[in-house]
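On a predicted model such as this, the values are computed, not experimentally measured, just so you know.
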Amino acid sequence: MTLFHHGDRVRYATTGDDGFPVVRYGFVGGVTGEAGPVVVMLDGELGGDVVDADTLEPVHIRNVTLTLEGTDLLDDPTLRQALVNMWAAEAESAGLQIAAIQPIGAGVRDASEGWTIAELSSAGERYTLRAAPCPNTNNAVLVHAQQ
């Protein structure tokens, strides 16, 4: 169980009406206890929402993900390249500072049906940006950073 404190930047993950993951970002506005609900001030909203603590994570580059419908995004080199900018926009929305991001042309295919599509650095650490079929949702692509 992660303990949250007032002002922590958090990632709130839930499922949308369409069955796809929905991720929102915000700041902790209040905590009722170690296991109790947390008041989160979601970005773009004036009031706070009370959410279960188990749906929150501290924002970190490795948990900023982008899930998009359509595995054809992996098949077309131009669409794969566009995933880099889409993920960068998600990282900015999460409040992350990306020092440098270098796209890798059309990407490099790996053994698990995924693609390495960029290299990046944040907080002095090096990461690769990867796009692969989403393991939890059919006909979807997951884009995320990994070390």
Side-chain angles (χ1 to χ4, degrees), residues 1-74 76 78-104 107 110 112-147:
M1 164 82 38
T2 301
L3 212 49
F4 295 101
H5 303 284
H6 184 80
D8 286 350
R9 184 78 172 152
V10 292
R11 175 185 188 272
Y12 170 50
T14 187
T15 303
D17 294 337
D18 59 2
F20 275 87
V22 175
V23 175
R24 308 260 327 262
Y25 301 98
F27 292 93
V28 172
V31 181
T32 59
E34 283 188 32
V38 177
V39 176
V40 177
M41 309 301 287
L42 294 170
D43 294 350
E45 293 188 13
L46 296 176
D49 288 358
V50 177
V51 299
D52 290 330
D54 63 351
T55 61
L56 297 175
E57 294 179 280
V59 171
H60 189 278
I61 194 166
R62 288 187 313 264
N63 68 10
V64 172
T65 60
L66 188 60
T67 304
L68 301 166
E69 186 174 3
T71 53
D72 58 328
L73 294 169
L74 296 176
D76 184 327
T78 304
L79 295 176
R80 277 196 307 273
Q81 290 173 339
L83 293 173
V84 175
N85 291 331
M86 293 173 74
W87 182 87
E90 183 72 12
E92 183 178 327
S93 172
L96 294 177
Q97 298 287 325
I98 305 298
I101 188 163
Q102 299 296 321
I104 302 175
D110 62 30
S112 63
E113 302 300 316
W115 295 81
T116 299
I117 56 176
E119 295 177 337
L120 56 109
S121 61
S122 178
E125 298 287 328
R126 305 278 307 156
Y127 299 89
T128 58
L129 189 61
R130 196 163 178 281
C134 184
N136 302 327
T137 307
N138 289 335
N139 193 32
V141 172
L142 178 68
V143 183
H144 68 283
Q146 63 185 30
Q147 281 187 307

### Task
Might you work through the side-chain contact (heavy atoms from CB on, under 4.5 Å) test for Leu120 and Val84, ending with a clear yes or no?
CA-CA 10 Å; Leu120 56 109; Val84 175; over 6 Å; no
### Query
For Tyr12, what residues pass the side-chain contact (heavy atoms from CB on, under 4.5 Å) criterion, not counting sequence neighbours?
Thr14, Arg24, Leu42, Val51, Thr55, Leu56
### Under 3.5 Å: donor-acceptor pair, side chain of Trp87, backbone of Val64
yes
## Note on the structure
d(Gln102 CD, Glu119 CD) to nearest 0.5 Å is 8.0 Å
#### Entry: Donor-acceptor contact present, side-chain Arg62 to main-chain Gln146, <3.5 Å
no
#### Entry: side-chain contact (heavy atoms from CB on, under 4.5 Å) assessment of Arg130 paired with Asp110
CA-CA 10 Å; Arg130 196 163 178 281; Asp110 62 30; 2.7 Å; yes
### Task
With side-chain contact (heavy atoms from CB on, under 4.5 Å) as the test, would you mind laying out the steps for Leu68 and Met86 before giving the verdict?
CA-CA 10 Å; Leu68 301 166; Met86 293 173 74; 3.6 Å; yes
### Message
Nearest 0.5 Å, please: how far is NE2 in His144 from OG1 in Thr67?
### Response
10.5 Å
### Query
Excluding sequence neighbours, so at least two apart, what forms side-chain contact (heavy atoms from CB on, under 4.5 Å) with Leu79?
Leu73, Asp76
### Query
Between Pro135 and Leu142, which heavy-atom pair has the shortest distance, and what is it?
CD-CD2, 4.2 Å
### Task
Would you sort out whether Ile104 and Trp115 count as a side-chain contact (heavy atoms from CB on, under 4.5 Å), showing the intermediate values?
CA-CA 10 Å; Ile104 302 175; Trp115 295 81; over 6 Å; no
#### Entry: Heavy-atom closest pair, residues Pro103 and Ala118
CA-CB, 3.9 Å
